[in-house]
Structures are given as C-alpha cells and as structure tokens.
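This report refers to the structure that appears directly beneath it.
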4 protein chains.
Amino acid sequence: MPTPTWERLPEAKRDAVRRAAEEEFGVRGYNAASLNTICREAGISKGSLFQYFPDKADLFVHLIARASHDIRSAMEAASTDLPWMTDYFGSVNLLMDAWISYFYDHPRHRQMLVSANLEHNPSALAAVREAVYVDYLEVIGGMIDLGIAIGALREDTDRDALVAAIIMLLPHIALGPHVRGLDPLLGLAGSDRTHATSVGRRLIQVLLGQYVTQSVPKEP
Amino acid sequence: MPTPTWERLPEAKRDAVRRAAEEEFGVRGYNAASLNTICREAGISKGSLFQYFPDKADLFVHLIARASHDIRSAMEAASTDLPWMTDYFGSVNLLMDAWISYFYDHPRHRQMLVSANLEHNPSALAAVREAVYVDYLEVIGGMIDLGIAIGALREDTDRDALVAAIIMLLPHIALGPHVRGLDPLLGLAGSDRTHATSVGRRLIQVLLGQYVTQSVPKEP
Amino acid sequence: MPTPTWERLPEAKRDAVRRAAEEEFGVRGYNAASLNTICREAGISKGSLFQYFPDKADLFVHLIARASHDIRSAMEAASTDLPWMTDYFGSVNLLMDAWISYFYDHPRHRQMLVSANLEHNPSALAAVREAVYVDYLEVIGGMIDLGIAIGALREDTDRDALVAAIIMLLPHIALGPHVRGLDPLLGLAGSDRTHATSVGRRLIQVLLGQYVTQSVPKEP
Amino acid sequence: MPTPTWERLPEAKRDAVRRAAEEEFGVRGYNAASLNTICREAGISKGSLFQYFPDKADLFVHLIARASHDIRSAMEAASTDLPWMTDYFGSVNLLMDAWISYFYDHPRHRQMLVSANLEHNPSALAAVREAVYVDYLEVIGGMIDLGIAIGALREDTDRDALVAAIIMLLPHIALGPHVRGLDPLLGLAGSDRTHATSVGRRLIQVLLGQYVTQSVPKEP
DNA sequence: TATGAATGAGAATTCATTCAT
DNA sequence: TATGAATGAATTCTCATTCAT
C-alpha cells in the first residue's frame with residue numbers, strides 16, 4: 001500500500017509518478033523495469049519514491065489495481081445504458097466494444113496490463129490476480145448470470161466454464177493477441193479500432209453462440 | 001543452436017543440464033532465471049555451460065523447441081488411433097485428454113511452457129512464437145479443417161476465430177488456469193488428472209458446441 | 001561525460017578516483033585496466049563508480065581529456081613570456097623544456113598518456129585522437145607557422161611534414177622513448193630532468209636544424 | 001620459444017597457424033586476441049596449440065621475431081644493389097621505398113607490427129623491444145654510420161639523436177600514421193603505395209636534410 | 001519531507017590454461 | 001601427438017534499497 005505521504009502529495013506529482021511508472025512497467029515488464037528510469041522520468045529522487053511506496057512490488061500493485069478499478073468503472077458506466085432486457089446479445093457486443101475502446105483510449109493502461117498478464121514474478125502475479133481477476137469475475141460472471149436469469153441464454157449453460165473461457169480470452173482480445181503468435185490468423189497487430197472490434201465480435205460469437213436463445217443481431 | 005560440444009556430451013550430463021535449466025526457467029522465467037543457479041544445480045561450471053550454448057537465449061530456445069517438438073510428437077501419436085471419421089467430437093475430446101495427460105507426465109515441460117507463455121522479453125517471446133505456435137496452428141487448424149471437411153462441424157464455422165480461441169485457451173487449460181486467478185471457478189490448483197480432464201472437456205464443449213452437427217457423446 | 005553526481009562530489013574523493021584510475025590505466029592500458037582495481041584503490045564501491053561515469057570508456061576519455069587540457073594550458077602559459085620574436089629557436093627549446101618538465105612534475109599524467117598512445121582499442125584510440133592530437137596540431141602547427149611568418153624558419157620549409165614529424169616524436173621524447181627500445185641510444189630510462197632536457201634539445205635540432213635561419217644558440 | 005613439436009610439424013600446418021595468429025593479433029591486439037579464434041581459424045585444437053607454444057606470449061613473440069627477421073632480410077637484400085657510394089641520399093630514399101613496399105606486400109605483417117607497436121602488455125612489449133628494435137638499431141645505425149664514413153653526411157652529425165629519431169618515426173611512416181591523428185596532415189589513410197612513398201621521402205628530407213652534403217636528388 | 005550518494009550482491013560472458021583420453 | 005571438455009577467476013555493468021544530510 002502507498003504510504004500516507006503519497007496520499008498527501010499534490011495530484012500533479014502523483015500523476016507524474018504514475019505516468020512514468022506505467023510507461024516503464026508497460027514497456028519493460030515488472031522485473032526488468034528500473035526504478036531509476038521511473039524516478040528520472042517522473043522528476044523525483046530515489047529517496048522520495050521509497051517514501052511513497054515501501055518497495056517496487058507495492059508500486060506495481062498500486063498501479064495495476066488502479067487501472068483495473070478504472071476499467072471496471074468505465075465498463076459499469078457503459079453498461080448502464082444498454083438494453084440488456086430487450087437485446088441481450090447486442091448489449092454484450094456493445095459492452096465488448098466499449099471495453100476494446102477503453103484500451104484504445106488508454107494505451108498506457110493497455111500496455112501495462114499486457115505486461116501484467118505476461119508477468120512471471122510470483123508476488124507481482126499475485127497482485128494481478130487479486131486486483132484484476134476479482135473485477136473480471138464479478139463483471140463477467142454477473143453478465144452471464146443476468147443472461148440466464150432473463151432467458152437470453154439457455155438454462156443449461158455451463159456458466160463457470162463459459163465465464164472462465166471468456167476471462168481467459170479477454171486479455172488476448174483487447175490487449176493484443178498478436179503477442180501470442182495468432183496474428184496471421186486474426187490480423188490484429190497494428191490494426192485500427194474498427195477491425196479490433198469486429199474480431200472481438202467474432203470471438204464473442206464463438207463463445208456464446210450456442211447458448212443464445214435470441215436471434216443473433218447483425219453487425220451495424 | 002547448441003554447439004557440437006553439447007551434441008557430443010554423454011546423455012546423462014545433457015539430461016542433468018536440461019533438468020536444471022527447465023526447472024530454473026520454469027520457476028523464475030527467462031529474464032529472472034540465473035545461469036549461476038542452473039550451473040550449480042546441474043553440477044557443471046559456468047565455463048562449461050558456455051561451451052554448450054552460445055548464450056542464455058540460445059539455451060532457452062533449445063529447451064522450448066525440444067519440449068514443443070516432444071509434445072507435437074505425442075499428440076500425433078495419440079491422434080493416429082482415434083476414430084476421427086466415425087466419432088469426430090469424441091476424438092477431439094480424447095486428443096485433449098492425451099494433451100492434458102502429457103503435461104501431467106512431464107511437469108517440468110509444463111512449468112517451463114507456462115513461463116514461456118508469460119514471457120515479456122521480446123526475443124525470448126519471438127522464440128516461443130516460432131517454436132511453439134507454429135506447431136499449435138498446424139495441429140489445431142488441421143483438426144478443425146478435418147471436422148469441417150467430413151461434416152462433423154457446420155459448414156459456416158468461423159474457422160479462424162475458432163482456431164484462435166482454442167489456441168488462446170490451450171495454455172490455460174493444460175498449463176494452469178489457476179495462475180490467472182480462475183481457480184475459484186474451475187478448482188484446478190492441485191487437482192488430479194481426472195478433474196483436469198473433465199474441465200478440459202467442458203471448455204471444449206463451450207468452444208465447439210455450437211458447431212457440432214453430430215450428437216455430443218457423454219463422458220465415459 | 002561524467003554524471004552530475006561526479007561534479008557534485010567533494011574534490012578529495014574525485015581526486016582519489018582520478019589518482020587510482022590514472023594509475024591503473026597508466027600501468028595496464030585501457031583494455032587491461034580493471035575497474036575492480038580502480039574501485040579498490042580509490043576506496044569506493046563498484047556501484048559508486050558507475051554513478052560517476054556511465055562506463056569504462058567514458059572514465060578513460062574524461063581523464064585523457066583533462067590531462068591533455070592541463071598540458072595545453074601549461075604550454076600556453078609557458079609560451080607567453082618567451083622571446084619568440086627575438087630568439088625563435090631559443091624559445092622553441094625553452095618550450096620543449098617546459099613540456100618535458102610538465103611530465104616530470106605529473107608522472108601519472110605521463111604514464112597515462114603513454115598508455116593512451118599505445119592503445120589498440122579503436123574507440124579508446126578515437127578518444128585519444130580527438131582529445132590530444134587536436135591540441136598538438138594547433139600548438140605545434142601554430143609554432144611552426146609563426147617561425148615561418150617571422151622569418152625564423154626558411155620559407156620553403158615543408159610545414160606539414162615537419163609538424164607531423166614533431167608530433168610523431170613528441171610522445172617518445174617526453175613520454176618515454178625507452179619503452180620503445182631506444183634507451184641504449186639515448187639513455188633516458190630513469191634519467192633526471194636535466195638529461196631529458198638535453199636529449200629533447202638534440203631531437204629538436206635534428207628536426208628543425210636545416211630550416212633555421214638564425215644562428216643556433218648554444219645550450220646554457 | 002616454440003617447442004620441438006612445433007619444429008617437427010609439416011610446413012603447411014605451421015603456416016596455417018601463423019596466418020591465423022598474425023591475423024588475430026593484428027586485428028585485435030595482443031591482449032584482446034583470442035586463442036580460441038586462432039585455433040578455430042587454423043583448424044587445430046586448443047590442446048595442440050599448447051603443445052606448440054608454452055603460452056600466449058610465446059606465440060606472439062615468435063611471430064613478431066619472425067616478421068622482424070623477414071623484414072630485415074628484405075631490407076638487406078634491397079640494400080645490396082644500391083649505389084651507396086655514388087648516390088647516398090638517393091639510396092636512402094630507395095631503401096625507404098623498399099621498406100614501404102614490403103608492408104604493402106605483406107599486409108598481415110604490417111597489421112601485426114602495428115599492433116605490436118601499440119602493445120602495452122609488459123611481456124609482449126619486451127618481446128617487441130628485443131625482436132624488432134635490435135634489428136632497427138643495427139640497420140639504421142649502420143646506414144647512418146656509412147653515410148658519415150663516406151662523407152655523404154656531415155662529420156658533426158648527431159648520430160645517436162638522428163638514429164633515434166628515424167627509429168621513432170619508422171613505425172608511423174610505414175605502419176600507419178593515420179592511427180595517430182596525423183592523417184589530416186599527411187593524407188595517408190587508405191592511400192596508395194605511390195603517395196605513401198612520397199610522404200616517406202618528405203619525412204626523410206625533414207630528418208636528414210641538414211646533414212646531407214651532396215645535392216638532394218629530385219623525386220623521379 | 002526530500003534528497004541523492006553509497007552499497008554490494010548478482011547478472012552474463014570470456015578466456016588462457018590443464019589434463020584425461 | 002592430438003584432442004577438446006572442464007575450469008573458475010575475472011570482466012563490465014545493473015539494481016533495489018538504505019540512510020545521513
């Protein structure tokens with residue numbers, strides 16, 4: 001956890017530190033990221049950084065948790081206005097669109113979460129698990145449960161397997177499947193938002209298709 | 001590529017080095033793995049290791065490629081005797097069973113491939129891509145194409161999206177979904193082979209279910 | 001370039017580091033010099049040295065450039081009061097005396113510049129070229145040009161060949177001709193300042209003799 | 001000294017080892033030269049090399065001494081037919097031409113002797129001193145003594161200073177003054193044999209000019 | 001509260017030399 | 001006589017963390 005000193009800091013300085021750290025963790029990964037670099041870019045001293053966060057891992061966890069929380073908020077906001085009751089499947093697709101858009105609008109968050117997903121260091125990984133997947137489980141799980149409850153998904157849906165599959169795929173869809181050698185298949189590397197969105201929809205279809213009871217809406 | 005010296009080494013020593021290196025890369029990941037540790041565990045001197053492999057990256061790539069090749073061979077052997085024509089979906093499930101079993105029988109390979117999948121270092125990642133994903137694309141792609149060709153899968157199957165989704169999920173299924181925070185859902189951590197197999201089948205069903213034209217066989 | 005940290009260091013510590021480094025580079029040459037040894041002798045930790053200089057080459061260049069600059073300043077100071085107009089050849093000799101004296105007073109500089117002149121490493125050599133020879137070319141070239149301009153040297157003097165010859169000989173004269181097997185001839189090894197000065201004058205005579213238009217002054 | 005084993009070796013193998021070693025010492029210098037590389041290029045094993053020469057220094061000394069001896073022989077052969085009695089200064093120039101030509105014809109020797117002259121390692125340097133400068137002293141000293149004896153050089157020539165100056169300049173003239181920052185002055189880097197020869201003559205003139213009693217011959 | 005110099009363990013890699021076969 | 005695997009000390013350089021100012 002950040003120290004009280006960190007909380008008392010002016011927002012501008014906190015922002016500078018966060019930006020520098022997200023960039024560095026995003027580009028180099030947790031282990032290879034250098035606190036030297038972060039301090040230099042943020043314009044603070046080494047000593048200061050250790051007065052804000054007890055150690056490197058703690059800084060990382062803080063950033064991941066914040067990003068995850070931001071995303072969840074964005075998703076919940078986007079979800080509010082969707083016609084879940086009347087067009088469930090369309091709403092799922094629109095939510096996925098919003099999610100993909102979020103990462104196009106917040107490239108530093110995207111990059112850092114890619115790194116987090118690639119992380120092997122046990123304590124960093126534990127942080128990702130606790131900070132990110134809890135949110136995922138709640139949001140995705142809730143979405144599927146709603147679908148079943150309102151009859152938009154078949155009653156015999158294998159809820160847990162489906163939620164798990166979606167969560168496993170999520171990082172690949174928005175964060176960059178190309179890092180995993182799938183690019184020849186899906187052509188996502190360097191693609192624009194429109195193409196990424198359309199690929200996202202195809203994957204949703206593969207996962208949800210068999211459970212949908214409504215007629216599947218066409219792409220706009 | 002390993003040096004000629006490596007090729008001439010007695011199998012026992014090669015095995016000791018491979019074991020130690022797979023273990024270290026598996027536990028700590030490419031970047032954090034220490035050649036010091038590998039040497040100590042393998043009982044060789046630092047100088048020797050560099051007479052076997054030109055550098056760290058080369059050792060890593062060698063191990064990954066070897067493991068990947070072993071797995072593909074095991075899969076192709078397992079595939080040969082399956083009744084693809086008469087029970088396509090059952091064969092898919094049995095192939096998945098074999099695949100999961102392989103990793104239960106070769107825990108060091110499993111662990112190292114998990115690490116490889118988590119790798120952030122770009123050049124190490126490129127090695128993984130080339131060594132592992134090419135095999136995956138061929139084996140999985142071939143399996144789906146066969147299903148479509150013989151009418152076991154629907155003609156309008158989104159072949160690429162499906163192959164991509166399977167490949168994205170593969171590492172999670174056999175290599176450890178628990179590392180990604182999904183354990184509360186699937187209960188795989190420390191589970192036995194039987195439970196892992198059953199989870200694998202549920203995920204296959206989620207992915208393939210809608211495209212299957214045959215009646216789905218029950219678990220044995 | 002040295003880091004800001006280096007600039008802020010107390011002079012005593014900077015001096016200790018410079019001494020140790022000049023000694024080590026002088027005794028062993030750039031390539032063979034050990035940063036370990038330098039740190040030990042300077043009484044600082046390995047980490048500290050790399051907070052002062054980005055790498056080994058930078059430390060080397062810094063020392064060479066500093067020494068060269070010191071020498072040039074000393075030469076220009078010595079040159080100021082000489083009677084160039086009325087006794088050009090005598091002034092050349094007195095300048096040479098000052099130059100030889102400088103190295104007797106700064107034995108570490110002498111030794112390090114000998115090493116620098118023996119350097120085989122291309123990038124270290126480039127540094128020497130840029131730091132040292134530019135000064136030499138300017139000072140020696142200027143001196144010859146002046147001699148020609150005021151009529152102290154013959155008009156048909158092969159200016160470039162003469163400057164080149166002097167510059168080629170300079171390191172040998174003051175920095176130690178004995179290292180090149182010439183000692184049986186000149187008896188410089190371990191000699192005192194007086195003998196070295198007299199040898200210097202003989203070499204000047206060999207080089208300049210034919211071009212001098214004034215009567216050559218006797219040694220004092 | 002090479003071992004008896006080395007002497008018994010077939011000439012072809014000895015030649016391969018010499019070539020490889022001259023190349024490596026020439027390109028990288030004594031300290032940085034790698035016996036690994038030499039063995040690989042020569043096509044022999046590490047063990048063999050150490051059965052031919054007791055250690056690295058000994059191999060280096062052997063090569064230097066051999067090259068120096070070759071050069072001396074070539075100079076003495078070239079000297080034989082020169083008209084020393086009737087055209088001393090012209091003969092000096094022609095000898096210098098032959099010397100420069102030798103290095104254009106034996107680039108590996110040239111390069112290795114450049115390295116030797118740049119060497120800082122004490123034992124390697126001692127070898128250079130003993131092997132090379134003894135020859136230089138005898139050949140150049142004899143040449144000057146002859147000039148004085150036959151009256152081609154003035155009686156009051158400062159024989160030792162002159163010999164020393166010539167020997168100091170020799171490596172620069174044929175071996176590459178460009179490495180010492182003099183190229184802007186003399187334009188020798190990458191120059192052809194003709195230009196190098198003409199530069200050599202200008203330097204001879206600068207050194208010998210004042211002592212010559214004959215009229216100086218023009219360049220052909 | 002901020003600073004930034006100091007630390008030293010640890011990283012990958014190279015190399016001349018030895019010696020059992 | 002030839003081989004080439006083994007060695008381990010030495011190299012430059014990085015980094016998170018501490019602590020006196």
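Naming: A, B, ... by sequence-line order, numbering from 1 per chain.
Rounded to a whole Å, the CD atom of Q51(B) is 16 Å from the P atom of dT18(E). When the P atom of dT11(F) is taken as reference, atom CZ of R40(C) falls 9 Å away, rounded to whole Å. Rounded to whole angstrom, the span from the CG atom of L49(B) across to the P atom of dA12(E) amounts to 10 Å. What separates CG of L9(C) from C1' of dT21(F) is a distance of 15 Å, to the nearest Å. Whole-Å rounding puts the F53(C) CZ to dT14(F) P distance at 15 Å. To the nearest angstrom, P of dC15(F) lies 11 Å from CG of N31(B). Separating the CD1 atom of I44(B) from the P atom of dG8(F) is a distance of 12 Å, rounded to the nearest angstrom. One interatomic measurement links the two molecules: CG of L59(B) to C1' of dT13(E), which rounds to 14 Å at whole-angstrom precision.
Taking the side chain of K13(A) as heavy atoms from C-beta on, and the options dA2(E), dT12(F), dA5(F), the nearest nucleotide is dA2(E). Between dA6(F), dG4(E), dA2(F), one nucleotide has an atom nearer to the side chain of S45(D) than all others, and that is dA2(F). Residue R28(C) has its side chain nearest to dT11(F) when only dT12(F), dT11(F), dT13(E) are considered. The side chain of F50(D) lies closest to dT17(E), out of dT12(F), dT17(E), dA16(F). Considering only the side chain of S48(C), dT7(E) comes nearest among dA16(F), dA2(E), dT7(E).
Positionally, the nearest nucleotide of DNA chain E for G43(C) lies more toward the 5' end than for the other of G43(C) and L35(B). Of the residues near DNA chain F, A33(C) and G47(C), the one whose nearest nucleotide (by heavy atom distance) lies more toward the 5' end is A33(C).
Ion pairing of E24(C) with R28(C) is present here, as a side-chain N (NZ or NE/NH1/NH2) and a carboxylate O approach within less than 4.0 Å. Salt-bridge check for R18(D) with E11(D): passed, with a basic side-chain N closer than 4.0 Å to an acidic carboxylate O.
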Note to self: Run F25(A) and I64(A) through side chain to side chain contact (heavy atoms under 4.5 Å, CB included) and show every step you take.
What the structure shows: CA-CA 10 Å; F25(A) 282 123; I64(A) 293 288; over 6 Å; no
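Partner assigned to dA20(F) is dT3(E), using Watson-Crick or G-U wobble distances below 3.5 angstrom.
The residue A57(B) sits apart from the nucleic acid: no heavy atom pair falls under 4.0 Å. Residue Y52(A) is classed as a sugar-phosphate contact, given heavy-atom separations below 4.0 Å to backbone atoms only. Among the atoms of the strands shown, only primed sugar atoms or phosphate atoms (P, OP1, OP2) are found under 4.0 Å from some heavy atom of S34(A). Using a 4.0 Å heavy-atom criterion, one finds that N36(C) contacts the bases of the nucleic acid, with or without backbone contacts as well.
Between the side chain of K56(C) and the main chain of N31(C), a donor-acceptor pair closer than 3.5 Å is present. Not one N or O on the side chain of R108(C) forms a donor-acceptor pair closer than 3.5 Å with the backbone of E22(C).
Under the side-chain contact (heavy atoms from CB on, under 4.5 Å) test applied with L59(A), the options Y30(A), W6(A), F53(A) reduce to a single match, F53(A).
The base of dT3(F) is not paired with the side chain of K46(D) by any donor and acceptor separated by under 3.5 Å.
Between R8(B) and dT3(F) there is no side-chain N or O to OP1 or OP2 distance below 4.0 Å.
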